[in-house]
Undergrad: 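Here's a structure for you.
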Amino acid sequence: MSASSAVMLPYAPSSVAIARQRLTTELLATGLVADTVDDVVLVMSELLSNALRHAHPLPSGQLRVTWICSEGQIEVAVSDGGAHTQPRAGRPPLSSLGGRGLGIVEYLADRWGVRHDDDSTTVWAIVVGSWPTRNGQAEKTGTPALREVG
């Protein structure tokens with residue numbers, strides 16, 4: 001099973017809801033377990049929100065969101081026009097209202113990283129997937145339910 005999509009979105013907060021809806025619809029159509037869909041959509045939302053908060057749009061004035069489902073994993077990526085700082089997971093104090101986005105990504109994703117191209121920066125994350133098997137039981141992915149980060 002393999003599926004992929006790429007969508008160009010306006011550099012606007014409303015793009016997060018648009019991307020969440022489209023990604024949810026497409027992942028559920030692949031038969032991916034709903035809990036995994038929720039994790040992947042949350043990861044993509046955090047990446048897209050971070051791009052809107054910290055980075056510039058692509059030269060087109062937009063952002064690019066892509067996702068690829070392949071056997072056992074889903075890769076989501078958000079490309080923007082870059083920022084003055086390198087994306088990194090922070091450890092904000094409990095009283096802080098923000099700064100947890102990449103920490104959430106780090107927790108839910110198997111791995112994540114940053115690619116720099118000529119005119120864009122892409123932050124990507126891979127989430128291990130779970131699809132039902134023939135007998136109706138969810139396929140085991142080996143990803144622990146809880147994982148200590150930091």
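The model shown is predicted, which means the values in this text are computed figures rather than measured ones.
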Undergrad: Should R64 and V78 count as side-chain neighbours, where that means a heavy-atom distance under 4.5 Å?
TA: no
Undergrad: Run the salt bridge (charged side-chain N to carboxylate O under 4.0 Å, His left out) test against R115 and tell me which residues pass, sequence neighbours left out.
TA: E75
Undergrad: Can you tell me if T24 uses its side chain to pair, donor with acceptor, with the backbone of R20 under 3.5 Å?
TA: yes
Undergrad: Hey, any chance L32 and L108 share a hydrophobic cluster, counting ILVMFWY side chains that come within less than 4.5 Å of each other, even indirectly?
TA: yes
Undergrad: For residues D39 and L42, determine if any side-chain heavy atom of one lies less than 4.5 Å from a side-chain heavy atom of the other.
TA: no
Undergrad: Taking all heavy atoms of G129 and all of I74, pick out the closest pair and write down the distance.
TA: CA-CD1, 3.7 Å
Undergrad: Less than 4.5 Å apart, side chain to side chain, heavy atoms only: is that true for V127 and V76?
TA: no
Undergrad: Mind checking whether V7 and L28 sit in one hydrophobic cluster, side chains of I, L, V, M, F, W, Y counted as touching below 4.5 Å?
TA: yes
Undergrad: Looking at CD1 of I68 and OG1 of T66, how far apart are the two atoms once the value is rounded to the nearest 0.5 Å?
TA: 6.0 Å
Undergrad: Looking only at heavy atoms, what is the nearest atom pair of P13 and L52, with distance?
TA: CA-CD1, 3.9 Å
Undergrad: Taking all heavy atoms of M44 and all of L23, pick out the closest pair and write down the distance.
TA: CB-CD2, 3.7 Å
Undergrad: Which heavy atom of L48 sits nearest a heavy atom of S15, and at what distance?
TA: CD2-O, 3.7 Å
Undergrad: Please examine the side chains of V37 and V33, heavy atoms only from C-beta on, and report whether any two atoms are closer than 4.5 Å.
TA: no
Undergrad: Using the test side chain to side chain donor-acceptor pair (under 3.5 Å), find all partners of E26 that sit at least two apart in sequence or belong to another chain.
TA: S5, R22, W67
Undergrad: Check the hydrophobic clustering (I, L, V, M, F, W, Y; side-chain heavy atoms under 4.5 Å; chains of links allowed) and say if M8 and W124 are grouped together.
TA: no
Undergrad: For residues A109 and A125, report the shortest heavy-atom separation together with the two atoms involved.
TA: CB-CB, 4.0 Å
Undergrad: Is there side-chain contact between L27 and V40, with heavy atoms separated by less than 4.5 Å?
TA: yes
Undergrad: Does Y11 reach the main-chain N or O of L63 with its side chain, forming a donor-acceptor pair under 3.5 Å?
TA: no
Undergrad: Using side-chain heavy atoms (C-beta onward) and a distance below 4.5 Å, is H54 in contact with D80?
TA: no
Undergrad: Compare all side-chain heavy atoms of E46 with those of I104 and state whether any distance is below 4.5 angstrom.
TA: yes
Undergrad: If I compare all heavy atoms of L47 with all of V123, which pair ends up nearest, and what's the gap?
TA: CD2-CG1, 3.5 Å
Undergrad: Using modelled atom types only, decide if a donor and an acceptor are shared between the side chain of D117 and the backbone of D119 within a distance under 3.5 Å.
TA: no
